[in-house]
Amino acid sequence: MNESKPSAEDLRRRLTPEQFQVTQQCGTEPPFRNAYWDHKEPGLYVDVISGEPLFLSLDKFDSGTGWPSFTRPAPGVPIVETVDRAHGMVRTEVRSPKADSHLGHVFEDGPGPDGLRFCINSAALRFVPIADMAAEGYGHLLGAFRDAGLLDARPTSTESAVLAGGCFWGMEEILRKIPGVLNTRVGYTGGTTPDPGYEQVCTGRTGHAEAIEVTFDPTVLSFEGLL
């Protein structure tokens, strides 16, 4: 994901004219003639400029309007809402939090528990298939697809990493709360380890927890994400 917004000149080079008009000039694409209005593949919709996650396919529904419609943003995404008084109407505009792209509008006539309909322009979005989410850095959002039965509940493979070089006292509990972390084991220098089957990975006489072996699901969490 890109953390800073490119200049208008850069965006004109990167985007199609329609993408630029929609995201930068608050335009609206034609209904029923856009990329995602009837798109049904499972995955994630991200901002076309920054790549920041916006909406899950799990929350997409057919609103009959000809634009992609969602009942809510992806978990943890703070969609920005502003008052739009253009065209003689008062509507609630929605924008992406980092790239500040115009996405569309939100209305209070949706089918979800909150009664919301996020009516979004396809030109503001890029779709990431579920099979590519982990590789592109969105593995932390795969839990919702597992809960929906679209992914195996247990990972098909795991990876391990050893974090060392300082005092990690109590860090094993913090690490276990990270999505994708399956297990942690502490290595001690001196003293008695609470896990006798775990070979010490450091030497010394401090008696502190100075290394942690972390087992994680690589489809959810990358090694870089763990760090």
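Computed from a prediction, not measured in an experiment: that's the story for all the values here. Here, residue 1 is the first one in the sequence, and each next residue gets the next number.
Proximity of a side-chain donor or acceptor of Ser69 to a complementary backbone N or O of Trp67 within less than 3.5 Å is detected. In this structure, the side chain of Lys60 does not engage the main chain of Phe55 through any donor-acceptor pair within 3.5 Å. The backbone N or O of Thr16 sits less than 3.5 Å from a side-chain atom of Gln19, completing a donor-acceptor pair. The closest donor-acceptor contact from the side chain of Asn121 to the backbone of Ala123 lies at 3.5 Å or more, if one exists at all. When atom types are taken as modelled, the side chain of Asn34 and the backbone of Pro30 share a donor-acceptor pair closer than 3.5 angstrom. In terms of modelled atom types and a separation under 3.5 Å, the side chain of Ser57 and the main chain of Gly43 share a donor-acceptor contact. Using modelled atom types, no side-chain atom of Ser50 and backbone atom of Lys98 make a donor-acceptor pair closer than 3.5 Å. Between the side chain of Asp62 and the main chain of Gly64, a donor-acceptor pair closer than 3.5 Å is present. Looking only at distances, no side-chain donor or acceptor of Ser101 sits under 3.5 Å from a matching main-chain atom of Leu103.
Cluster membership for Val77 and Tyr36, using ILVMFWY side-chain heavy atoms within less than 4.5 angstrom, is shared. Each of Leu44 and Leu54 belongs to its own hydrophobic cluster when Ile, Leu, Val, Met, Phe, Trp and Tyr are linked at side-chain heavy-atom distances under 4.5 angstrom. In the hydrophobic clustering of this structure, Phe61 does not group with Val106; members are Ile, Leu, Val, Met, Phe, Trp, Tyr whose side-chain heavy atoms approach within less than 4.5 Å, directly or through other members. Hydrophobic clustering, with ILVMFWY side chains joined whenever heavy atoms are under 4.5 angstrom apart, groups Ile178 together with Ile212.
Nearest heavy atoms, Arg72 versus Phe118: CA-CE1, 3.7 Å. Here the closest heavy-atom approach between residue Ser96 and residue Asp47 is recorded as OG-OD2, 2.9 Å. Closest of all the heavy-atom pairs between Pro53 and Val46 is CA-CG1, 3.9 Å. When all heavy atoms are compared, the tightest approach of Pro6 to Ile49 is CD-CG2, 3.8 Å. For the residue pair Phe107 and Cys119, the shortest heavy atom distance occurs at CE1-CB, 3.9 Å.
Ring-plane geometry between His105 and His102 is classed as perpendicular, the angle between the planes exceeding 60 degrees on a 0 to 90 degree scale with a lower cut at 30. In this pair, Phe70 and Tyr45 present their aromatic rings perpendicular. The plane angle is above 60°, beyond the 30 to 60° band.
A salt bridge between Glu29 and Arg33 is absent, with no side-chain N of the basic residue lying under 4.0 Å from a carboxylate O of the acidic one. The residues Glu93 and Arg91 are annotated as not salt-bridged, no charged nitrogen and carboxylate oxygen being separated by less than 4.0 angstrom. Glu136 has a carboxylate O that lies under 4.0 Å from a charged side-chain N of Arg126, or vice versa, which qualifies the two as a salt bridge.
Taking CZ of Arg95 as the reference point, atom CG of Asp100 lies at 4.0 Å (rounded to 0.5 Å). Remark: Ser7 OG to Arg14 CZ distance equals 9.5 Å, nearest 0.5 Å. Remark: Phe145 CZ to Leu58 CG distance equals 4.5 Å, nearest 0.5 Å.
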